[in-house]
There are 2 protein chains.
Amino acid sequence: MHVEAFQRNTRQRKVIIEELRKVDTHPSATELYEMVRSRLPRISLGTVYRNLELLAESGEILKLESGGQARFDGNPARHHHVRCSVCGRVDDVHRSIEDDGLDQVAKLDGYQIQDYRLEFIGICPECQKKG
Amino acid sequence: MHVEAFQRNTRQRKVIIEELRKVDTHPSATELYEMVRSRLPRISLGTVYRNLELLAESGEILKLESGGQARFDGNPARHHHVRCSVCGRVDDVHRSIEDDGLDQVAKLDGYQIQDYRLEFIGICPECQKKG
DNA sequence: TTGCTTGCAAAGGGTTTGCATAGGA
DNA sequence: TCCTATGCAAACCCTTTGCAAGCAA
């Protein structure tokens, strides 16, 4: 994948990404910090934040920003998410909307679906002009 | 619409929703605070936050939470958004995915589309059990 | 008059950042 | 050795909250 952002492979970054890929719970930075600390007790929260930012930029992980604090997903392949409006947990949705249609996807996994949010990310006309 | 959350109709709330409905720029709480202040110079930022929260809960406005700070949308009807990855502006997408398909919708409005995020909101199996 | 809502200011929580040191290449 | 990445702690920013006063009903 894209690794241009990194000039050195540090032990911290290696452990951060390993721990993130072990789970499918979409941990927050603080949660991941605790997970990593069991292997690197002297790591700092700042280092976790810095690496998560770089990893997300380079496309190795996903940063999920809806709902207050950011959560991270070790699986960068396109897939969607369901967030529980009560407890805040985030689960994966592996079906594709293109194949199954929104209605079918929405009914999956035992969730009682209330709504969905679709957001495109791109470059607006003005920013395209500016280069 | 739903107004159960409100017990009194205050001048502050009235002006907040009026100012929000005047624009389609999805202002943040602070931006909206400045807009409202031109009409109510003594309003506090806390009041703006409190009312935006209530208005979003009652369904009168939309709270957009992706990308750091929250932005607000005075149009509560279902529609989607495009966010510029360079300048951060958020525009509306009024076409429906069901009618036009993801690919067509993504090409609209002059944006150079890089990606999209789809998130469902619902109640997870565990929280359903707990009532 | 009643008690919800406001203004004010302080506190809170997540995230970012400056700086000296450590350590990868 | 050279210079990026780290650890630490302070700073930041957005948002929430406690409390006394204000005001809608």
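Just so we're on the same page: letters track the sequence lines, and every chain starts at 1. Here the structure is a predicted model, which means the values were calculated and not measured.
Comparing the helix axis at one end of the helix from dT1(C)-dA25(D) to dA25(C)-dT1(D) with that at the other, each defined from 5 consecutive pairs, gives an inter-axis angle of 40° (nearest 10°).
Near-neighbour residues of DNA chain D inside residues 8-18 of chain B, defined by a heavy atom below 4.0 Å, number-ordered: Arg8(B), Asn9(B). Listed by residue number, the members of residues 22-41 of chain A with any heavy atom below 4.0 angstrom from DNA chain D form an empty set. For the segment residues 48-56 of chain B, the set of residues with a heavy atom within less than 4.0 Å of an atom of DNA chain C comprises Arg50(B), Asn51(B), in numerical order.
When hydrophobic clusters are built by joining Ile, Leu, Val, Met, Phe, Trp and Tyr residues whose side-chain heavy atoms come closer than 4.5 Å, directly or via intermediates, Leu64(B) is not grouped with Leu64(A).
Partner of Pro27(A) under the side chain to side chain contact (heavy atoms under 4.5 Å, CB included) criterion, out of Leu20(A), Val90(A), Asp73(A): Leu20(A) alone.
Side chains of Ile43(B) and Tyr33(B) form a contact here, defined as non-hydrogen atoms less than 4.5 Å apart.
The residue among Gly46(A) and Gly46(B) whose nearest nucleotide of DNA chain D is located toward the 5' end is Gly46(A).
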Evaluation steps, side-chain contact (heavy atoms from CB on, under 4.5 Å), between Asn75(A) and Leu62(A): CA-CA 7 Å; Asn75(A) 173 15; Leu62(A) 254 39; over 6 Å; no
Worked verdict on Phe6(A) versus Glu60(A) for side-chain contact (heavy atoms from CB on, under 4.5 Å): CA-CA 12 Å; Phe6(A) 312 114; Glu60(A) 299 215 43; 3.7 Å; yes
side-chain contact (heavy atoms from CB on, under 4.5 Å) evaluation trace for Leu118(A) with Tyr116(B): CA-CA 7 Å; Leu118(A) 175 57; Tyr116(B) 68 90; 3.8 Å; yes
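Leu45(B) comes within contact range of at least one nucleobase, with a heavy-atom separation under 4.0 Å.
Not counting sequence neighbours, the partners of Arg83(A) by the side-chain hydrogen bond (donor to acceptor under 3.5 Å, both in side chains) test are Glu119(B). Remark: His26(A) engages His81(A) in a ring-ring contact (aromatic ring centres under 6.0 Å, His included) (not counting sequence neighbours). A search for side-chain hydrogen bond (donor to acceptor under 3.5 Å, both in side chains) contacts involving Glu65(B) returns nothing, not counting sequence neighbours. With sequence neighbours excluded, the residues forming a side-chain hydrogen bond (donor to acceptor under 3.5 Å, both in side chains) with Gln114(B) are Ser85(B), listed by chain and number.
Side-chain contact check for His80(A) and Asp92(A): no donor-acceptor pair (N or O, by modelled atom type) lies under 3.5 Å.
Using a 4.0 Å cut-off between charged side-chain N and carboxylate O, Glu19(A) and Lys22(A) make a salt bridge. A salt bridge is defined here as a Lys NZ or Arg NE, NH1 or NH2 lying under 4.0 Å from an Asp or Glu carboxylate O, and Glu34(B) with Arg37(B) meets this definition.
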Sequence neighbours left out, cut at 3.5 Å: what donor-acceptor pairs do the side chains of residues 11-18 of chain A make with other protein atoms?
| from | atom 1 | to | atom 2 | distance (Å) |
| --- | --- | --- | --- | --- |
| Arg13(A) | NH1 | Asn51(A) | OD1 | 2.6 |
| Arg13(A) | NH2 | Arg8(A) | O | 2.2 |
| Lys14(A) | NZ | Glu18(A) | OE2 | 3.4 |
| Glu18(A) | OE1 | Arg39(A) | NH1 | 3.0 |
| Glu18(A) | OE1 | Arg39(A) | NH2 | 2.8 |

Distance-only check: which donor-acceptor pairs under 3.5 Å involve side-chain atoms of residues 122-131 of chain A, not counting sequence neighbours?
| from | atom 1 | to | atom 2 | distance (Å) |
| --- | --- | --- | --- | --- |
| Gln128(A) | NE2 | Ile123(A) | O | 2.8 |
| Gln128(A) | NE2 | Gly110(B) | O | 2.7 |

Write out a two-atom table: protein N or O, nucleotide N or O from nucleotides 11-13 of chain C, distance below 3.5 Å.
none

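A nucleotide of DNA chain D counts as in contact with chain B when one of its atoms lies under 4.0 Å from a heavy atom; the first and last such, 5' to 3', are dC14(D) to dA25(D).
Of the possible donor and acceptor atoms, none in the side chain of Glu53(A) sits under 3.5 Å from a partner among the backbone N and O of Arg50(A). A donor-acceptor pair under 3.5 Å is absent between the side-chain atoms of Arg89(B) and the main chain of Cys84(B), judged by distance alone.
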